[in-house]
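Here is the structure we will look at.
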Amino acid sequence: MTTILVLGGAGAQNSAVVRELAKNPSFRVKVLSRNIESEECVSLAALDRVTLSQGDCYNEEHLVAAFKNVDSCFVNTNGFAIGEKAETYWAIRMYEIAYFSGVKHFVFSSLPYVSKKSGFNPKYRVPFADGKGKVVDYLRSQPTDKMNWSALETGPYPDSFLNSYAPTQADDGAWVFRMPIGRKGAMPFIALSELAWYARHILENPQTFAGDLLSVAIAHVSGDELAAAFSAVTGQPARFEPFDLLELSKTWPTAKVGAAGLGYEDPTLVTMAGHMIPWFTIWQESGGNTGLWTKDYARLDKIHPGRIKTIEEWMRKSGYSTEKRKHVLKTGMFNAPSG
């Protein structure tokens, strides 16, 4: 029996991963959460071989206790909650504590280090992604003999994004998707269910992914493709209308993101606009799986032949419709345009 520690609370990504890991009868899953009495934690605790431990993932004493008698771990830090500087520190410290504790496989949930790819062009600097990318650079400098490591590179979840940017019905009856990705842009969506499948696969096959980064997605989806999929699934007319990014940014909160999690306003924190303008700028230049954030879909087809490959398929499987859906993210949500 393999004991897997899941760090990062019971948020959207981790809840999906825990539920997927629980499908393997050879896994015991331990979840560290600050509030084990939350609705989501109670739901997870009801799963076979899943236990909850009260504690803060950004507290060294709690981490040392959590890593005792653990074989593998899945680590998902939250740059939105604590900022890039603290995220980088705590992810590396988690690795060090896991190594000292005798953990055999360290799996880190990451995002692409896009600003590095661009030569550190501030136009593409997304702090909540850069922190994770810096951690992967650190992992690449570490050995895999005593403690193996793997990285799972994710992206935007349609489960969340297409709730924040759900279509609204225009006067002509058509459902309109308004997003700041431009006519030629695209987003490499990764469904939470698919992300969780890859996480389980990596933990089931540690040697296959030794010292490796697996970058996952369903597909690069343009606004027009999104509207076409919606029409195919719901039978309702739909269209995409680009939304001006700078105009949208005026609707976002001006407070620095992460200050609440830290308890003070660290000078390295940035506003929502500081995170999201570069984020959407990247998508505006990613149409057709090009630009700075690309995916190797041929590799994903080999690893997971039955994967969801289109946004239409995801909509059908998830029951996406004209009805408003519940937000899945606990942090990092931002205002979307209305009307």
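Being a predicted model, the structure only gives us computed values, none of them experimental.
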How long is the gap from [atom1] on [X] to [atom2] on [Y], to the nearest 0.5 Å?
X      : Y      : atom1 : atom2 : answer
Leu52  : Leu47  : CG    : CG    : 9.5 Å
Glu60  : Ile97  : CD    : CD1   : 4.5 Å
Gln284 : Ile181 : CD    : CD1   : 8.5 Å
Ile202 : Leu152 : CD1   : CG    : 4.5 Å
Trp149 : Met147 : CH2   : CE    : 11.0 Å
Leu5   : Phe74  : CG    : CZ    : 11.5 Å

Test: [X] and [Y] ion pair at under 4.0 Å:
X      : Y      : value
Asp172 : Arg239 : yes
Asp266 : Lys256 : no
Glu313 : Lys317 : yes
Arg19  : Glu40  : yes
Lys134 : Glu84  : yes
Lys116 : Asp137 : yes
Glu194 : Arg307 : no
Lys23  : Glu204 : no
Arg28  : Asp71  : no

Where is the tightest heavy-atom contact between [X] and [Y], given as atom of each residue plus distance?
X      : Y      : answer
Ala22  : Val50  : CB-CG2, 4.0 Å
Tyr165 : Pro180 : CE2-CD, 4.0 Å
Ala10  : Ser15  : O-OG, 2.9 Å
Phe27  : Leu21  : CD1-O, 3.7 Å
Val126 : Ile282 : CG2-CD1, 3.8 Å

Worksheet entry | Pair His304 and Trp197, ring centroids less than 6.0 Å apart |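 His304 vs Trp197: aromatic centres under 6.0 Å.
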Practice prompt. Answer with yes or no after comparing the ring centroid distance for His105 and Phe209 against a 6.0 Å cut-off, counting only values under it.
Written response: no
Practice prompt. List the steps and the verdict of side-chain hydrogen bond (donor to acceptor under 3.5 Å, both in side chains) for Glu153 and Ser110.
Written response: CA-CA 5 Å; Glu153 190 176 88; Ser110 184; 5.1 Å; no
If we only count heavy atoms from C-beta on, is the [X] to [Y] side-chain gap below 4.5 Å?
X     : Y      : answer
Thr51 : Val31  : no
Glu20 : Tyr198 : no
Ile92 : Leu139 : no
Leu32 : Val6   : no
Lys30 : Ile4   : no

Item to complete: State whether the side chain of Ser231 and the backbone N or O of Ala228 hold a donor-acceptor pair below 3.5 Å, judged by distance alone.
Response: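 No; judged by distance alone, with no hydrogens or angles, the pair does not exist.
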Is the [X] ring parallel, tilted or perpendicular to the [Y] ring (thresholds 30°, 60°)?
X      : Y      : result
Phe177 : Phe230 : perpendicular
Tyr138 : Tyr95  : perpendicular
Phe161 : Phe189 : tilted

Worksheet item: Would Asn24 and Ser26 satisfy side-chain hydrogen bond (donor to acceptor under 3.5 Å, both in side chains), going step by step from the backbone distance to the final call?
Response: CA-CA 5 Å; Asn24 187 326; Ser26 67; 2.6 Å; yes
